[in-house]
2 protein chains.
Amino acid sequence: MTDPPGGNGRSIRTLEWTGDALRLLNQRVLPLRESVTSITQAEGVAHAIQTMVVRGAPAIGVAAAFGLVLAVRNAIRKRLPWREEFRKAALQLRATRPTAVNLFWAIERMRKAAEKLPDEPEGAAYHLEKEAMAIYDEDVAANRRMGANGAKLLKSGSVITHCNAGALATAGYGTALGVVRAAVAAGKKMHVYVGETRPVLQGARLTAWELGKDGIPCTVMTDSMAATILQAGKAQAAIVGADRIAANGDVANKIGTYGLAVLCRAHKVPFYVAAPVSTIDPAIRTGKAIPIEERDGREVTHFLGTRIAPDAVPVINPAFDVTPAKYVTAIVTERGVIRPPFPGGIRKLFR
Amino acid sequence: MTDPPGGNGRSIRTLEWTGDALRLLNQRVLPLRESVTSITQAEGVAHAIQTMVVRGAPAIGVAAAFGLVLAVRNAIRKRLPWREEFRKAALQLRATRPTAVNLFWAIERMRKAAEKLPDEPEGAAYHLEKEAMAIYDEDVAANRRMGANGAKLLKSGSVITHCNAGALATAGYGTALGVVRAAVAAGKKMHVYVGETRPVLQGARLTAWELGKDGIPCTVMTDSMAATILQAGKAQAAIVGADRIAANGDVANKIGTYGLAVLCRAHKVPFYVAAPVSTIDPAIRTGKAIPIEERDGREVTHFLGTRIAPDAVPVINPAFDVTPAKYVTAIVTERGVIRPPFPGGIRKLFR
């Protein structure tokens, strides 16, 4: 079967479960190298999430689920009590990154599944593997529905995106880039302005690579050029993913998202967020309560191992920011497009 | 004499005229190396401007003036007609960078001085050297007056700056950073949030280094973090330099300035521009007519020689953007602080 126009991100294997191991496309070294890491221990999955071998809110949720399967498999091999190993692995995986809620959502879903299982380890491993595969499959399916729902919002033209909310950030197809893919598949002529996304450059390194794979035209720019593109009327919308959405519609996403949202408002350009329902955290009332990960300052002061700032200069490196709901035009989910006022629309999803 | 608190940028020798050569602190390799390049030909000065060994609107004007002196010196050495060599060098220097008007202003001032000189070459060289030294000295003096004028606008606290508008961008003391230096000298407790300023990183590399030299506390951040700092109420003002100011007050400055100005407005934080009168181009009615330099895309796609984006991906790299006057709270010049409406205030300066 030929791929539809816009591609389906199927050529991009972000995560692959072999039955014995989780294979991850190493996102630290893209686009220079396409290297796959095979992981057989929960610790290895935790390390891969922490060091961003795998990143993107939905993708790290899926990776964590398979990490728990690996923990139970290792318990069987070492004749250890599987529930205890599962619990330890869950703790370790939870401690990797604080902001994206999908991680906690996936671990919690696996924990609930585990609770109902008998103590017999082989059967438990079998059922937990099925649950992790369901999380994987449901993520791809959710992204495709999100794409169909969101494509209607986009007209032929250019959109700005930030970071990577594509196949590389999910089990496949992508959230924000899934919407772009679906718009292309629907016959629209799309072009994407890709903010490079300092400090880790997920835009320049990952989004540009992924769009290139699927033949969707894009232009890379520094994050500070988005304002100029908007000023010149060269982009008709912005669309980004999310790491956690509060009950009131506030959106935590990659650092730089909030500034882009304010700029879109100033230029009367719609600002869309695409995320699965698993990214919404109904327990968090507003964005102020979302924990924001502060990462190693060397991500800012060093570049490919070389120092770019004066030695020992103070630095900040929040990995995410919070965009207040008032700057969000619509949230695209697999269950439909939510418009302001968001609290009601979000409550409905969880009824 | 001990330096006043806040320093005077005197330890930073951006440009130094030895009588035979122009010595430039190589801004391409700061802060990793403090290396000085000695230049004895106008071509060498043009190359240094183009490749950003020396950068910053006032500094490249001063460098060009000395480049013209070097052209006449070489004409004498080679027994060539000095006016012809002067003219050729002026053309070459004018072609280096299109946006900063100080370059054209300094070349024009030297040309006018040359017009009045006798044909005798040694005398011409002597007088042109005096003119270039006057441009240098006046720039430092203007920056000090600008500092005194602007310091009153700042309260103790944090300011955001973008790019480098300091001693490194001028003959000394700096424009935006001169204002910060003067505020510190006046006893205010200042801290500077330094946007790294992609793609060439003048903020992380140069501004952080320069502030460190003078003991002014600063914090480096990616450009996309300014929005978060403003959202958190952590900065009380932003202050930047300028490469060209139109008659209506529109300001061309380093790419990223416009976005910062919009963000300041959204957060009700004053946005100040500090620039000498030589940066104002009364012949340009609005910012739309300011030529914006598009630099090599490899500044965006490559980092220290290593590719960071997919091979051959399209890229934009405008070096400057234009901030409409309506986003500018005040323009600090050596002849006073101009407030909106700017056209009248600017006209007065040129009367």
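First the proteins, then the strands, lettered A, B, ... as listed; each starts at 1.
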* Closest contact, heavy atoms only, B/P31 versus A/A309 -> CG-C, 3.7 Å
How about the chain B/chain A donor-acceptor pairs under 3.5 Å, what are they, with distances?
{"residue": "B/E196", "atom": "OE1", "partner": "A/R198", "partner atom": "NE", "Å": "3.3"}
{"residue": "B/E196", "atom": "OE1", "partner": "A/R198", "partner atom": "NH2", "Å": "2.6"}
{"residue": "B/E196", "atom": "OE2", "partner": "A/R198", "partner atom": "NE", "Å": "2.7"}
{"residue": "B/R198", "atom": "NE", "partner": "A/E196", "partner atom": "OE1", "Å": "3.3"}
{"residue": "B/R198", "atom": "NE", "partner": "A/E196", "partner atom": "OE2", "Å": "2.7"}
{"residue": "B/R198", "atom": "NH2", "partner": "A/E196", "partner atom": "OE1", "Å": "2.6"}
{"residue": "B/V220", "atom": "N", "partner": "A/P314", "partner atom": "O", "Å": "2.9"}
{"residue": "B/V220", "atom": "O", "partner": "A/I316", "partner atom": "N", "Å": "3.2"}
{"residue": "B/Q231", "atom": "NE2", "partner": "A/V322", "partner atom": "O", "Å": "3.0"}
{"residue": "B/Y258", "atom": "OH", "partner": "A/H267", "partner atom": "NE2", "Å": "2.5"}
{"residue": "B/H267", "atom": "NE2", "partner": "A/Y258", "partner atom": "OH", "Å": "2.5"}
{"residue": "B/P314", "atom": "O", "partner": "A/V220", "partner atom": "N", "Å": "2.9"}
{"residue": "B/I316", "atom": "N", "partner": "A/V220", "partner atom": "O", "Å": "3.2"}
{"residue": "B/V322", "atom": "O", "partner": "A/Q231", "partner atom": "NE2", "Å": "3.0"}

* Which residues satisfy the side-chain contact (heavy atoms from CB on, under 4.5 Å) test with A/A242, sequence neighbours excluded? -> A/I245, A/V251, A/V273, A/A275, A/T279
* To do: Heavy-atom distances under 4.5 Å only: say whether A/A208 touches chain B with side chain, backbone, both or neither.
  => both
* Structure fact -> Honestly, the part of A/L206 sitting under 4.5 Å from a heavy atom of chain B is neither
* Roughly how far apart are B/L168 CG and B/L30 CG, rounded to 0.5 Å? -> 6.5 Å
* Do you know which of A/A226, A/G195, A/P318 has the most heavy-atom pairs under 4.5 Å to chain B? -> A/P318
* Asked: Taking all non-hydrogen atoms of both residues, which atom of A/P310 and which atom of B/A204 are closest, and how far apart?
  -> CD-O, 3.1 Å
* Can you check side-chain contact (heavy atoms from CB on, under 4.5 Å) on B/V36 and B/L24, steps first, answer last? -> CA-CA 5 Å; B/V36 172; B/L24 297 174; over 6 Å; no
* Asked: Can you list the residues that meet the ring pair (Phe, Tyr, Trp, His ring centres under 6.0 Å) rule with B/F271, with sequence neighbours excluded?
  -> none
* Quick one: what part of A/L201 sits under 4.5 Å from any heavy atom of chain B, side chain, backbone, both or neither? -> side chain
* Selection from B/L260, B/L263, B/L32, B/I292 maximising heavy-atom pairs under 4.5 Å formed with chain A -> B/L32
* Structure fact -> Highest number of heavy-atom pairs under 4.5 Å with chain B among A/G212, A/C218, A/P217 belongs to A/C218
* Asked: Between B/G256, B/P314, B/A227, B/P199, which residue shows the highest count of heavy-atom pairs closer than 4.5 Å to chain A?
  -> B/P314
* To do: Give the intermediate values and the outcome of side-chain contact (heavy atoms from CB on, under 4.5 Å) for residues B/M221 and B/V194.
  => CA-CA 6 Å; B/M221 60 184 183; B/V194 179; over 6 Å; no
* Top residue by heavy-atom pair count (under 4.5 Å) with chain B, among A/L230, A/I308, A/V313? -> A/I308
* For A/A289 and A/I284, which heavy atoms make the closest approach, and how far apart are they? -> O-CD1, 3.6 Å
* To do: If a pair satisfies salt bridge (charged side-chain N to carboxylate O under 4.0 Å, His left out) and one of its residues is in residues 159-170 of chain A, list it, with sequence neighbours excluded.
  => none
* For residues A/I229 and B/I316, determine if any side-chain heavy atom of one lies less than 4.5 Å from a side-chain heavy atom of the other. => yes
